[in-house]
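Note sheet for the following structure.
First listed ligand is number 1; within each ligand, the first listed atom is number 1. Any value given below was found using the heavy atoms of this structure, including those in side chains, with hydrogens, waters and symmetry copies removed.
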Amino acid sequence: MGLHMKFLYLLVPLLALFGCGESSQQAPASATEKNLVVGFSQVGSESSWRTSFSESVKAEAAKRGIELKFSDAQQKQENQIKAIRSFIAQGVDAIIVAPVVETGWKPVLTEAKRAGIPVVIVDRNMALEDDSLYLTRVASDFVEEGRKAARWLMEATEGKCDIVELQGTVGATAAIDRMAGFNEVIAEHENARIIRTQTGEFTRSKGKEVMEAFLKAEQSGKSICAVWAHNDEMAIGAALAIKEAGLDPGDDILIVSVDAVPDIFKAMADGDTNATVELSPHMGGPAFDAIEAHRQGKTDIPKLITIQGDVFTQATAAEEYAKRKQ
Ligand code: GZL
């Protein structure tokens, strides 16, 4: 037996004993997930909901013994595309993408398909004609979130309200669909209308800035009945602007939003905002389940896995905040 063979006979058990330098992992939930390597292209960290979403996916991966390669795109699609190409070059087993906007994904998803790497879309959607470019999408029904917010506001105002709207990121499914659902419901009420609408980019600072402009344009807010904010961050920013204008947010001007992040429960408990529609950040589990089912050869994976959320108001805000605050 040549020297090199003796070396291999020695090397193999040593590698088995000490591994190949992989990151330390807890015991995997199943044999197929052992040493699974998944790339996750995340939008950014523009809101506390987004950071909760990222932390939830990372925790779920660790619990399952999955090696997660995480990329924060800082809300830039070009960064997401670069990250996906890097994941492909690294030969990951699967890719999860939370797309910042709906368009521009076909080329890079085609590259992933050619490489035989399944892609799971989470949260916002991609505008794709060819649904073979992705395994499944895990998301909330954003249109229904908009309907729930509008139904609450119509009930709170008996269908009579001049509303200012703080839109999310332009081109993002969450903004497009929440707007559609909200408008669908207020169209049923002849005395309800949106008098001003502009993007607050899903951030607290931009939401405050746009609300300041709305207040200046609308007799310092006297003609504004309510704020409809596509996420809680912008709602909290709007409440601050209303306070600085000498008005009482949550009373002089009602505020309804989406996400149900811990800070919005504090704001509602303080009487500064009125209602929020919950968006669960826990989408990692269903995404990893779909990847594992695909690896096991299952072919009945649905193209959409929907997560649900409730409406929360000031009535339960204090107890909910106590449960959710970090
Ligand atoms: C919606 C998600 C939105 C959140 C915002 O699912 O895309 O993006 O509502 C976040 O907080 O910025």
Side-chain angles (χ1 to χ4, degrees), residues 40-57 72-77 79-80 96-103 105 120-127 136-150 165-182 198-210 227-239 255-267 273 275-287 304-312 324 326:
F40 178 24
S41 170
Q42 174 62 290
V43 167
S45 52
E46 73 284 354
S47 71
S48 51
W49 178 86
R50 181 71 57 187
T51 45
S52 299
F53 176 22
S54 296
E55 291 316 308
S56 174
V57 173
D72 175 332
Q74 295 170 342
Q75 295 212 88
K76 291 182 174 63
Q77 183 177 32
N79 290 344
Q80 289 201 276
I96 297 175
V97 185
V100 60
V101 292
E102 292 193 334
T103 55
W105 300 100
V120 173
I121 301 170
V122 288
D123 186 39
R124 303 174 190 176
N125 203 0
M126 295 180 178
T136 187
R137 174 178 173 232
V138 180
S140 165
D141 180 342
F142 298 131
V143 176
E144 186 56 20
E145 290 172 347
R147 292 191 192 105
K148 286 177 178 177
E165 179 181 36
L166 294 170
Q167 298 175 27
T169 302
V170 176
T173 316
I176 296 165
D177 288 0
R178 284 173 184 165
M179 181 187 286
F182 190 92
Q198 189 177 330
T199 182
E201 297 170 5
F202 279 135
T203 67
R204 195 172 297 195
S205 57
K206 189 70 179 173
K208 178 174 185 287
E209 182 188 314
V210 174
V227 179
W228 153 228
H230 290 186
N231 83 333
D232 293 339
E233 296 294 335
M234 296 188 291
I236 293 166
I255 301 179
V256 60
S257 56
V258 184
D259 279 353
V261 297
D263 283 356
I264 204 69
F265 287 99
K266 175 75 169 58
T273 66
T276 185
V277 181
E278 182 181 31
L279 168 62
S280 170
H282 306 302
M283 294 188 236
L304 176 62
I305 299 166
T306 305
I307 54 171
Q308 304 298 329
D310 296 322
V311 179
F312 291 90
R324 297 162 184 254
Q326 269 82 10

Item to check | Side-chain (Gln75) to main-chain (Val100) donor-acceptor, under 3.5 angstrom | outcome: no
Checklist entry - Thr276 side chain to Ala260 main-chain N or O, any donor-acceptor pair under 3.5 Å? => result yes
Checklist entry - Going by an N to O cut-off under 4.0 Å, is there a salt bridge joining Arg147 and Glu144? => result yes
Next on the checklist: Determine whether His230 and Phe202 satisfy the following criterion, side chain to side chain contact (heavy atoms under 4.5 Å, CB included), listing intermediate values before the conclusion.
Outcome noted: CA-CA 7 Å; His230 290 186; Phe202 279 135; 3.9 Å; yes
Checklist entry - Near ligand 1, which protein residues have a heavy atom under 4.0 Å away? => result Glu46, Ser47, Trp49, Arg50, Asp123, Arg124, Phe142, Ala174, Arg178, Phe202, Asn231, Asp259, Leu279
Checklist outcome for this item: On a heavy-atom basis, the closest approach of Lys206 and Gly200 is CB-O, 3.1 Å
Checklist outcome for this item: Residues passing the salt bridge (charged side-chain N to carboxylate O under 4.0 Å, His left out) test with Glu55, sequence neighbours excluded, are Lys58
